[in-house]
Amino acid sequence: MNYNVPVVSLLALALILPGCAGKKPSAPAPEPRDGENAVYYWKTRFDLDDSDMSFLKENDIKRIYLRYFDVDYEKNPVTLEEGIVPVGTVSFVSERPTGVEIVPTVFITVSALTYIRVHDLVRDAAGKMVQRLLNMSSYNETGPVREVQLDCDWTESTQETYFALCRAVREVLKGENAILSSTIRLHQLRLPAPPVDRGVLMLYNTGAMRDPSEKNSILDAGSVKLYLTGEPVRYALPLDFAYPTYSWGLWFRGNEFKGILHRNDYSDGSRYADAGGEGSFRVSKEHMLEGHHLIPGDLIRLETSEMQAIRETASLVSAAFPGAHSNIIYHLDSENFRHYTQDEITDIYHY
């Protein structure tokens, strides 16, 4: 997420990019789907290389959930001006792949929700947010917008505001002949369903990432089982399911979580030493990595999306949610995919 942007009111969001205000997509909202393979794209440059295009073709990908921007709260330290702003906006390098639907996806922070609630900006924020993504889609020729997805880790304390925002966004999208979907985290299954048309159950980030004693916070089937007992789960939305294929290094100094490292190779014995197996490494030489200053004694816990954990989780999901659905992989990245065979990728989509 890029915070090095000027603080502007969300009122100005729709004016940042050229577009065709008021232009309605001609395509109708999609019908209920089953087995339509999809993938998330969570980078700030939509730039598809040959490996990405091969993945889309070989796996018959129908939709890309493309993160357009985050909505966050910021306060300018100089002018003290505050507001909700778009950050980390994606830039388009590649054209939309033929036959693949682009689903604009927006991540909303809890601090942005709080600002929206305090300043009574639900309707205004919804309208400007939708207008901005429509303008981006039109300007970059990504095809008709048939679905928009909101991603937010809401809790009981922020649920009312998030649901109000969903209702407002959904109302705007009806005029565009599009539907609204929302990500659903496992802990949110125990809360009321948001007022949207579909949900995507996120089957990743299931553990305590900041806990130095955690084994694998990306996906642990035991953690998933706490929420899915094996009996059909009654949930008020049709759900699709998202599985992880990414890796990361979690950096600790003592018991303090310091950050996420995207490097997944710590075999350089001059800088790292095995810290007892299970993918943990001790920094043995001071150095810079991805803009971070690492010192001897720091711990890096390398976590991966293990295929066995995905299989066990998929079995739990199949028992808890029988019926039609689509599977989504998070996220499109050829570096991550090289750790899986094509048969394993196929398995993920066919669960």
Side-chain angles (χ1 to χ4, degrees), residues 13-48 52-53 55-57 59-71 86 89-108 125-151 165-183 194-200 237-238 240 242 324-329 331-332:
L13 281 178
L15 305 178
I16 294 176
L17 286 174
C20 301
K23 182 179 179 181
K24 309 270 193 242
S26 58
E31 296 295 326
R33 54 216 175 205
D34 184 24
E36 293 185 358
N37 299 346
V39 67
Y40 279 101
Y41 192 95
W42 216 261
K43 303 177 185 178
T44 54
R45 280 170 57 89
F46 184 60
D47 189 4
L48 303 178
D52 295 328
M53 295 299 292
F55 179 88
L56 298 177
K57 183 177 181 180
N59 295 284
D60 192 25
I61 301 301
K62 300 297 186 184
R63 295 184 311 284
I64 296 176
Y65 290 86
L66 175 56
R67 190 200 65 85
Y68 272 35
F69 52 87
D70 300 341
V71 175
T89 299
V90 68
S91 61
F92 288 80
V93 178
S94 299
E95 296 181 352
R96 174 175 66 94
T98 302
V100 178
E101 177 187 351
I102 300 295
V103 179
T105 302
V106 178
F107 176 73
I108 304 169
K128 299 305 181 183
M129 191 161 50
V130 172
Q131 189 60 61
R132 186 171 199 261
L133 63 86
L134 290 177
N135 287 349
M136 290 177 64
S137 296
S138 175
Y139 183 72
N140 294 286
E141 299 180 345
T142 62
V145 175
R146 298 174 177 174
E147 177 182 355
V148 169
Q149 185 167 110
L150 300 183
D151 179 19
L165 185 63
C166 286
R167 282 190 289 269
V169 169
R170 192 182 188 192
E171 189 63 31
V172 176
L173 289 177
K174 284 181 180 178
E176 302 293 334
N177 211 11
I179 67 170
L180 178 64
S181 61
S182 173
T183 56
V196 298
D197 298 290
R198 298 188 69 87
V200 174
L237 283 177
D240 298 318
H325 67 274
S326 292
N327 286 344
I328 309 168
I329 282 180
H331 63 112
L332 184 59

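Remember, it's a predicted structure, so these values are computed and weren't measured experimentally.
- Arg170 has its side chain out of reach of Val148: every pair of non-hydrogen atoms, C-beta onward, lies at least 4.5 Å apart.
- For the pair Pro194 and Leu237, the minimum side-chain heavy-atom distance is below 4.5 Å.
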Self-check item: Residues Leu66, Phe92; criterion side-chain contact (heavy atoms from CB on, under 4.5 Å); working and verdict
Solution: CA-CA 11 Å; Leu66 175 56; Phe92 288 80; 3.5 Å; yes
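- Side chain of Ser138 to backbone of Leu134: no donor-acceptor contact under 3.5 angstrom is found.
- A distance of 10.5 Å separates CD in Glu95 from CG in Asn140, rounded to the nearest 0.5 Å.
- Taking OH of Tyr41 as the start and OG1 of Thr105 as the end, the distance is 13.5 Å to the nearest 0.5 Å.
- Of all heavy-atom pairs spanning Leu332 and Phe55, the tightest one is CD1-CD2, 3.6 Å.
- Cys166 contributes atom SG, which lies 7.0 Å from atom CD1 of Ile108 (distance to the nearest 0.5 angstrom).
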Exercise. Please assess Thr89 against Arg132 for the test side-chain contact (heavy atoms from CB on, under 4.5 Å), listing each intermediate value before the final yes or no.
Key: CA-CA 11 Å; Thr89 299; Arg132 186 171 199 261; 3.3 Å; yes
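- Under the 4.5 Å side-chain criterion, counting only non-hydrogen atoms from C-beta, His331 is not in contact with Tyr65.
- At a threshold of 4.5 Å between non-hydrogen side-chain atoms, the residues Phe46 and Arg96 do not count as touching.
- One finds the CZ atom of Arg67 at 7.0 Å from the OG1 atom of Thr44 (value rounded to the nearest 0.5 Å).
- Across all non-hydrogen atoms, the minimal contact from Leu48 to Pro97 is CD1-CG, 3.5 Å.
- Atom CD in Glu36 sits 12.0 Å away from atom CG in Asn327 (nearest 0.5 Å).
- With sequence neighbours excluded, the residues that form a side chain to side chain donor-acceptor pair (under 3.5 Å) with Arg45 are Asp47.
- Rounded to the nearest 0.5 angstrom, Arg63 CZ and Asn37 CG are separated by 9.0 Å.
- Contact record, Ala38 with Ile61: CA-CG2, 4.1 Å, taken as the closest heavy-atom pair.
- Contact annotation: the side chain of Met129 approaches that of Leu165 to within less than 4.5 Å [non-hydrogen atoms, C-beta and beyond].
- Using a 4.5 Å heavy-atom cutoff, the side chains of Thr183 and Tyr40 are in contact.
- When each of Val103, Leu56, Asp52 is tested with Ile64 by the rule side chain to side chain contact (heavy atoms under 4.5 Å, CB included), just one qualifies, namely Leu56.
- Between Pro104 and Met136 the shortest side-chain heavy-atom distance does not fall below 4.5 Å.
- Annotation for Pro238 and Asp197: closest pair CG-O, 3.4 Å, computed over non-hydrogen atoms.
- Here the side chains of Val130 and Val145 are not in contact, with every heavy-atom distance at 4.5 Å or above.
- Between the side chain of Asp240 and the backbone N or O of Val200 there is no donor-acceptor pair closer than 3.5 Å.
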